[in-house]
Amino acid sequence: MQSRPGPGGTLFVEVNGVGVTWMLRPTAEGPTVVQHGGDWAGQHSGFLMVPKRDFAITLLTNSESGPSLTAELFGDDWALREFAGVSNLSAVPRDLPPKKLAAYEGTYVANQIGIDGKSSGFGLELTAGDGELVAGLDGQTVLRLPFYRKDYVLANDPSGQPTGSRANFVRGSDGQVEWFRYGGRLFRHQPTGASASRTTLRPANRHLLRGF
């Protein structure tokens, strides 16, 4: 349950991988954070523990404002620092020139099965702006994505304020960017200028992506 299956990438936070239901989360100080949570419309929860520090915390909410509190307690590391003496891996944003950002630009499409049982897709449009990527959904800016290391970004809100989440890009065997991983979902990359996907794109149910 706490083995290291890696590589983990991100699942709201940076992870080493996922064991049997547990997100295995690294810390700057070394001890592993074991974490899981859940989200649905009107219901948001979180649970984490640091076995080596004898610390655990859980949260259950039944409010649409719940994601803000779960992000503060389980994405940000305030509770970890205050009660367990550990912190997230450092993530200092840095501006990238347009030439480097160009490799990440394009449409990223994820598939989902709705509550009606039908399969559909929805796309994020990633464009470069002011040294970072800007993610658009249904014609509106939903995320600002500054890089803090190669292929890893902070997921900030449209005003640039932290949401407590991180995301990353996944490259194929040819070294090109093929996927964007955010919130437990993989979005397939369609570079700018590529032919349109055959996937039927529908407006996204925003509760399916915590933080949107």
Side-chain angles (χ1 to χ4, degrees), residues 2 6-19 21-95 124 130-135 137 141-169 180-185 206-212:
Q2 297 183 39
T10 56
L11 184 52
F12 300 115
V13 291
E14 200 163 337
V15 295
N16 288 329
V18 179
T21 78
W22 294 113
M23 297 162 52
L24 306 177
R25 176 177 171 182
T27 64
E29 293 74 16
T32 295
V33 177
V34 182
Q35 179 171 339
H36 198 79
D39 288 277
W40 192 247
Q43 302 176 42
H44 310 276
S45 65
F47 173 73
L48 67 74
M49 56 185 173
V50 188
K52 289 187 176 180
R53 299 294 170 89
D54 294 325
F55 172 70
I57 182 173
T58 189
L59 174 72
L60 305 173
T61 74
N62 61 353
S63 168
E64 276 305 302
S65 62
S68 297
L69 185 56
T70 54
E72 182 178 345
L73 293 177
F74 298 94
D76 192 11
D77 57 9
W78 174 84
L80 290 174
R81 288 184 283 107
E82 185 74 12
F83 300 108
V86 295
S87 56
N88 288 329
L89 299 180
S90 177
V92 179
R94 60 178 187 236
D95 291 345
L124 291 172
D130 296 327
E132 61 187 12
L133 294 172
V134 178
L137 176 68
T141 297
V142 292
L143 292 171
R144 302 194 72 87
L145 305 169
F147 283 82
Y148 63 91
R149 65 183 175 96
K150 183 178 179 180
D151 295 340
Y152 281 74
V153 294
L154 296 171
N156 294 338
D157 71 16
S159 69
Q161 294 301 305
T163 67
S165 292
R166 305 184 185 193
N168 73 288
F169 295 87
F180 175 57
R181 182 191 281 121
Y182 176 69
R185 285 174 170 78
R206 296 189 176 216
H207 71 266
L208 295 175
L209 292 174
R210 187 174 71 178
F212 277 11

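Any value given below was found using the heavy atoms of this structure, including those in side chains, with hydrogens, waters and symmetry copies removed. Quick caveat: nothing in here was measured; it's all calculated off a predicted structure.
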| Who passes side-chain hydrogen bond (donor to acceptor under 3.5 Å, both in side chains) against E132, sequence neighbours left out? | R144
| Taking only residues two or more places apart in sequence or in another chain, which ones pass side-chain hydrogen bond (donor to acceptor under 3.5 Å, both in side chains) with S65? | S63
| message | Holding to side chain to side chain contact (heavy atoms under 4.5 Å, CB included), I want the full list of residues that pass it with D157, two or more places apart in sequence or in another chain. | response | S159, Q161, T163
| field | For D76, all residues meeting salt bridge (Lys or Arg N to Asp or Glu O under 4.0 Å), sequence neighbours excluded | value | none
| task | Keeping the roles fixed (side chain from Q35, backbone from M23), state whether a donor-acceptor pair exists under 3.5 Å. | result | no
| Residue list, side-chain hydrogen bond (donor to acceptor under 3.5 Å, both in side chains) with T10, at least two apart or on another chain | N168
| remark: Sorted by chain and number, sequence neighbours left out, side-chain hydrogen bond (donor to acceptor under 3.5 Å, both in side chains) with T21 holds for none
| field | Residues that D151 engages under salt bridge (Lys or Arg N to Asp or Glu O under 4.0 Å), provided they are two or more places apart | value | R171
| remark: Contacts of P31 meeting side chain to side chain contact (heavy atoms under 4.5 Å, CB included) (sequence neighbours excluded), chain-then-number -> T27, E29, V50, K52, R53, V86
| Among pairs that include at least one residue of residues 80-90, which meet salt bridge (charged side-chain N to carboxylate O under 4.0 Å, His left out), considering only residues two or more places apart or in two chains? | D77-R81
| message | Checking A28 now: which residues fulfil side chain to side chain contact (heavy atoms under 4.5 Å, CB included) with it, not counting sequence neighbours? | response | S87
| request: Output all residues satisfying side chain to side chain contact (heavy atoms under 4.5 Å, CB included) with P51, sequence neighbours left out; order by chain, then residue number. | output: Q2, V34, M49
| request: Please name all residues satisfying ring-ring contact (aromatic ring centres under 6.0 Å, His included) with F55, sequence neighbours left out, ordered by chain then number. | output: F83
| query | Do T32 side-chain atoms and R25 backbone N/O form a donor-acceptor pair below 3.5 Å? | reply | no
